[in-house]
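Being a predicted model, the structure only gives us computed values, none of them experimental. The basis for the numbers below is simple: all heavy atoms, side chains too, and nothing from hydrogens, waters or symmetry mates.
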Amino acid sequence: MEGVDWSYRADYMHDRHGIEAEWADEALADPDALRIAPDPASKSGRSVRTIGYSSLAGCLITVITLTEGDATYGVNGWRSNETDIRRYREEQP
């Protein structure tokens, strides 16, 4: 996934979870990334959860995005927990 707009949430993600937008972008671009739509934790049912590997972070990153019209916004991201790591490993096509 390319062209994610982090202008609204990059600082929040960094301050809250220590994740850089570049790490999240790298996880989104992982060719083996697992995309779950809608995100199972989404209250609106509109966000997408992507679990992908970031070599810059050296781990799997869980990234939440939201598409509105032609724009995709980065909402949040964090180091993947055990559940998302298992999903990434087991739910690959």
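- Side chain of E26 to main chain of L56: a donor-acceptor pair is present (N/O by atom type, distance under 3.5 Å, no hydrogens or angles).
- Clustering of Ile, Leu, Val, Met, Phe, Trp and Tyr side chains at separations under 4.5 Å places I64 together with L66, V75, W78.
- Taking R79 as the reference, nothing meets the side-chain hydrogen bond (donor to acceptor under 3.5 Å, both in side chains) condition, with sequence neighbours excluded.
- In plain terms, the two heavy atoms of D32 and Y88 that are nearest each other are O-CE1, 3.4 Å.
- No more than 12 heavy atoms of other residues, nucleotides or ligands shown are found within 6.0 angstrom of CG on D11.
- Every salt bridge (charged side-chain N to carboxylate O under 4.0 Å, His left out) that E68 has, sequence neighbours left out, goes to R46.
- Taking each heavy atom of G74 and T65 in turn, the nearest pair found is CA-CG2, 4.4 Å.
- L34 contributes atom CG, which lies 5.5 Å from atom CD of E91 (distance to the nearest 0.5 angstrom).
- For I61 against A27, the heavy-atom pair with the smallest separation is CB-CB, 3.7 Å.
- Between the T50 side chain and the R35 main chain, no donor and acceptor come within less than 3.5 Å of each other.
- D5 pairs by the side-chain hydrogen bond (donor to acceptor under 3.5 Å, both in side chains) definition with S7, not counting sequence neighbours.
- Cluster annotation: I85 and I51 are assigned to the same hydrophobic cluster (Ile/Leu/Val/Met/Phe/Trp/Tyr, side-chain heavy-atom contacts under 4.5 Å, transitive).
- Taking all atoms of both residues into account, the shortest heavy-atom contact from P38 to G45 is CB-O, 3.3 Å.
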Could you pull out every donor-acceptor pair under 3.5 Å between side chains of residues 14-22 and any protein atom, sequence neighbours left out?
unit_1	atom_1	unit_2	atom_2	d
H14	NE2	E20	OE2	3.1
R16	NH1	Y12	OH	3.4

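- Contact between T62 and S80 at its shortest, heavy atoms only, is OG1-OG, 2.8 Å.
- Taking the salt bridge (charged side-chain N to carboxylate O under 4.0 Å, His left out) definition, one finds that D39 meets it with R49, sequence neighbours left out.
- How far CH2 of W6 is from OG1 of T72: 11.0 Å, rounded to the nearest 0.5 Å.
- Residues L60 and D84 are not in side-chain contact: their nearest non-hydrogen atoms beyond the backbone lie 4.5 Å or more apart.
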